[in-house]
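Some notes on the structure that comes next.
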Amino acid sequence: MRKVNLRINGKDYAAEIEPRLLLVTFIRDIAGLTGTHIGCDTSNCGACTVTMDGKSVKSCTVLAAQAEGKEITTIEGLANGEELHPIQKAFWEHHGLQCGYCTPGMIMQALWYLKLNPSPTEQEVRESLSGNLCRCTGYQNIVDSILAAAEYMRKGNQTR
Amino acid sequence: MASAQQTIRSGAAARRKKPKTPLVKKPQGLVGRPLKRVEDHRLLTGKGKFLADIPLPGLLHAAFVRSPYARARLKHVDSVAAVSLHTTIAVFTAKDLHGIGELPTVEEAPEKHPTKRPVLVQDEVRYLGEAVALVISTDPYAAEDAAELVDVDYEPLEPVVDPIEAMLPSSPRVHEHIPNNIAYHLKKENGDVESAFSSSEGVLTLELENQRVSPAPLEPRGVAASYDAGSSDLTIWSTTQDPHSLRAILSAGLRLPEAKITVIAPDMGGAFGQKISVYPEDFAIAFAAIQLGRPVKWLESRRENMLAGTHGRGQVQRIELAHANDGRVLGVKAKIVSDGGAYSTSGAFEIPELTCAMVTGVYDVQDVRTELYSVLTNKVPQDAYRGAGRPEACYLIERAMNALAHKLGLDPLEVRRKNFIPSSKYPYRTASGYIYDSGDSLLALSTLLERSQVLSRVNELRKRFPDRLFGLGFSTWTEITSFGPDFPQTAAVSVTKEGEVMVTIGGHPHGQGHFTSMIQIVSDELGVEPGSISLAEGDTRLLPWSSLTAGSRSAALTGTAVLLSARKVKSKMSVIAAKLLEDNPSELVFERGQIYSMAKPERRIAFKEVASAAYLPSKLPEGLEPTLYEYTAYAPPNFAFPSGAHAVIVEIDPETGAVRPLEYHAVDDVGRVINPLLAEGQVHGGVAQGLGQALLEKVVYDRSGQLLNAGLGDYCLPSTTDMPRINWSRTETVTYANILGVKGIGEAGTIAATPALVNAVEDALGAAGGESLGMPLLPELVWKSLSSKSRTATSSSSAHEGDRASG
Ligand code: FES
Ligand code: FES
């Protein structure tokens, strides 16, 4: 067992953990943030995507111990109270989710990608999501949601 | 180099014309409008409650020990090492499951053989991943550690993996009492098939394989159970599409009254048919919770899901079309060998039966013989996967239509048009005895061609990029939905004293957006704002019974049950309002939270006021029962038959053999649509799964019954970059199958997309002189076909790949 301190959505969590504990388990079971999902055991599905120091990671592929001292953001850290983040809002408006299981991972991946590339093309959005699987939507509405979100965010930044 | 996709898109905008006459009805109320989903906010903010997210005090964690062999004699299970871990609470094997029944099978009948299926393996393992022991620990990681420490002694036996081989007398038997592994045999004939064949001008024969695939919902399965020893109440949380059936089956298996069992289906990350079956894990976890007196939860890993979650499809098909030389089909013979897996389940029997029954698709042919063999193999049992039997039927007939056109040198669309059931013949009785009440394939196809302009666009692409390989494929599909009458769908509508409307539905939505669509129906009927309507589902305590969420049935049947319940509420409220307004109850209008009569619209009463009155017996008309709660169990009198036409343009990279769908077009007749946003979403997802089967997906077993692709790294689901954009629109013919006029949308895309894509690849390869191919159309297969064709000039005996067609 070893003690780790993790900062998730601006809040500190300290716990005695086994070295093998995955970040996703820490987030879900210790921090109690169950919006981050698990869809596979081979790092393929992306349902567990969160950001670590601003960069997207698959939290099933990071040990909790490796996240020591890093800033983690999960889906729960995105909305500002009742006000949805532009990406969340765009997913709602463009019917970018059906069962909602892949959705937190998709949104967190988009959060990172749109920072990297605020004006992506459709093809670029598709490529940025190639590590995130969705079995429900056929992706079209997810891609459209992210393109719309990019626009909201560009406009939001201009007015600010 | 200009991209083919760009060319296509710019062309699309320029050419898309408005249809001359509107082909679908304009919505009047909320029904028919693209209302955004009311269920999304929680899912978008991480507040969904999926099975894994449900906290239970004192929870224990389960892991299953699963067989690494497809067939083996179970000799001994030693759990000493597992039990010695301080985190281990218990290890259960078959002999510990006292008083627990077996999993459901089929009823015995001539040529229909049930099998016995214990919850944990007793003597013989029959499929890879079958559960042998159950470990309960204080921690999920420790449960897996302990499962690894359970020492199982197996004597491996020779398995039977291929369904055709399984039928040979020399093959091992999956169950000793079933010769040739034929669990179910069914032969049906309509008309005079022999004379149709003998008087025809030719016979086209086609053999196909519709490979086994995994439904692979993004959330795997899981079950949790909690038992209150004081009240002997058992609560089960399960990823199930069918909570009430699970309750009934658990009641029989655990020998507990149904009244003592509650099944709750929480938020669910997709299902696609895989979450219909009742599984060994449901029984075992419930049993453990009862024994230990503490809540127990099991969450399936993806690997387990691939091994032990039911697979869909899995048919070896042969079709013969007796035809005239102008392309007219005169008779059909179809033979289906279905890979049922290790046990006789209703799914493994009924699904291929549907394939047989729907094999004539949208075509007018009456002399039809079908023969089905549902065969046992050492694989996980087969069950539904989106479409369940109808995609297999559509694939068979739509590939056959293309093969016939190819044989006769005709245009595949011309062959289809010649054989469509003419719209004048509806209602049409099919050879299998179904009544297609409405449909118009000719209209769907012509609308598709007009709106998509695919014919000229593929020509344009070929002209513009003469060195590249493009193909265009079609399918004109139909399916059967709204199964009944023995699957009633239920709903209740109540109105509180404050005028809040509460809707309760049976079954269990898991992505379809039922909250939104049901609210639209109720809002129109009761004239109240959608915001004042709430919905509850997924809990067997809410309603006495319901059938499942599956088979494109919910909008039609649950929707009808909701509508009828709302109407009953409305008529009761009308009586109360009439008394308060001193008016005639039959003439009242419910609109925007107000109730009034057409004759005197200025005299109004608030919906809320009438609701309050309903709770005060003193205010009610004589004899009227107080409160507002109405329930409906709706059993559909006839099935519904959506249909449509799909087209896809693909490009093949001759260097690699990779197939890229460039664009996808669909025109569907799904009857009335409650919410076009949701309906279109269903088509997108369905098409993705249909294309997935055509291009990528197959569970691959080797001869020893090992699954070679038991993870999402090797079993490839379509990803963002595999999917084209989908252009969807509709035509509408009227169905009277239900009062909503809904035919069903959930499976359309999956059914139509697979043959359309394979037909497109065949077209592309045909243009290059290639062979017809089997699924999935992996680059290697396509590339080999291309290169073998370029070699045929020197060798006439090049090896066949995939499916065989002959005339
Ligand atoms: S759960 Fe992390 S990638 Fe699938
Ligand atoms: S919405 Fe269900 S997996 Fe993406």
Side-chain angles (χ1 to χ4, degrees), chain A residues 18 20-22 25 28-29 32-45 47 74-79 82 84-85 87-89 91-104 107 122-123 125-143, chain B residues 5 34 36-37 39-50 52-55 140-141 215-220 267-272 299 301-303 510-513 677-678 680-689 691 711-714 717-726 749:
Chain A
E18 283 185 81
R20 64 174 174 172
L21 192 90
L22 298 173
T25 316
R28 291 181 49 84
D29 294 357
L33 298 166
T34 55
T36 301
H37 299 149
I38 300 172
C40 71
D41 36 25
T42 47
S43 294
N44 290 105
C45 77
T74 71
I75 188 74
E76 289 92 342
L78 226 54
E82 272 304 288
L84 294 178
H85 185 279
I87 303 176
Q88 292 169 314
K89 186 167 162 257
F91 268 71
W92 182 58
E93 288 178 343
H94 293 266
H95 189 27
L97 65 156
Q98 290 184 26
C99 76
Y101 202 74
C102 69
T103 313
I107 291 177
E122 174 176 348
Q123 188 56 25
V125 169
R126 284 185 182 265
E127 277 159 22
S128 78
L129 294 177
S130 61
N132 289 68
L133 295 172
C134 172
R135 191 57 152 167
C136 300
T137 64
Y139 303 106
Q140 185 161 321
N141 289 350
I142 292 180
V143 171
Chain B
Q5 227 154 15
K36 292 187 195 65
R37 298 209 316 177
E39 41 272 88
D40 285 357
H41 193 276
R42 20 193 300 283
L43 297 170
L44 284 167
T45 51
K47 296 193 193 94
K49 276 274 173 290
F50 296 88
D53 309 338
I54 293 172
Y141 284 36
L218 205 64
E219 177 205 31
D267 282 336
M268 221 153 79
F272 314 114
L299 297 172
S301 71
R302 177 58 57 186
R303 184 179 157 75
H510 39 274
Q512 297 88 342
L677 191 68
L678 305 189
E680 184 160 6
Q682 288 294 309
V683 175
H684 289 179
V687 167
Q689 290 179 328
L691 295 185
L712 296 181
D714 312 309
L717 303 181
S719 81
T720 39
T721 47
D722 296 314
M723 282 300 298
R725 285 195 82 84
I726 297 161

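The sequence lines fix the lettering, A, B, ..., with proteins before strands; numbering per chain opens at 1. Bear in mind the structure is a predicted one, so any value in this text is a computation, not a measurement. What you see below is based on every heavy atom in this structure, not just the backbone, and it leaves out hydrogens, waters and symmetry mates.
- The residue among B/P220, B/P215, B/G270 with the most heavy atom pairs within less than 4.5 Å of chain A is B/P215.
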Walk me through it: do A/E122 and B/R725 pass the test salt bridge (Lys or Arg N to Asp or Glu O under 4.0 Å)?
CA-CA 11 Å; A/E122 174 176 348; B/R725 285 195 82 84; 3.3 Å; yes
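- Contact count versus chain A (heavy atoms, under 4.5 Å) is highest, among B/P217, B/A688, B/G713, for B/G713.
- Interface summary for chain B: among A/H94, A/R28, A/E127, A/E18, the most heavy-atom pairs under 4.5 angstrom belong to A/R28.
- With a threshold of 4.5 angstrom between heavy atoms, B/E39 does not approach chain A through any atom at all.
- Interface residue B/Y141: backbone and side-chain heavy atoms are both found under 4.5 Å from chain A.
- Looking at B/L678, the atoms closer than 4.5 Å to chain A (heavy atoms on both sides) sit in the backbone and in the side chain alike.
- A/N132 is not listed as a side-chain neighbour of A/C102, based on a closest heavy-atom distance of 4.5 Å or more.
- Counting heavy atoms from C-beta on, the side chains of A/T42 and B/R302 never come closer than 4.5 Å.
- Contact count versus chain B (heavy atoms, under 4.5 Å) is highest, among A/T103, A/L78, A/T137, for A/T137.
- For chain A, the nearby parts of B/K36 are the backbone and the side chain; heavy atoms of each come within less than 4.5 Å.
- If you measure heavy-atom distances from B/P718 to chain A, the contacts under 4.5 Å come from both the backbone and the side chain.
- Of the residues considered (B/G48, B/A216, B/P34, B/G686), B/A216 shows the highest number of contacts with chain A, using heavy-atom pairs under 4.5 Å.
- The shortest side-chain heavy-atom distance between A/L97 and A/N141 does not fall under the 4.5 Å cut-off.
- When each of A/R126, A/Q140, A/Q123 is paired with B/T720, the side chain to side chain contact (heavy atoms under 4.5 Å, CB included) condition holds for A/R126 and for no other.
- Scored by the side chain to side chain donor-acceptor pair (under 3.5 Å) test, B/R37 finds B/D40 as partners (sequence neighbours excluded).
- Neither the backbone nor the side chain of B/P55 comes within contact range of chain A, judged by heavy atoms closer than 4.5 Å.
- The most heavy-atom pairs under 4.5 Å with chain B, out of A/G35, A/G32, A/G100, A/G39, come from A/G39.
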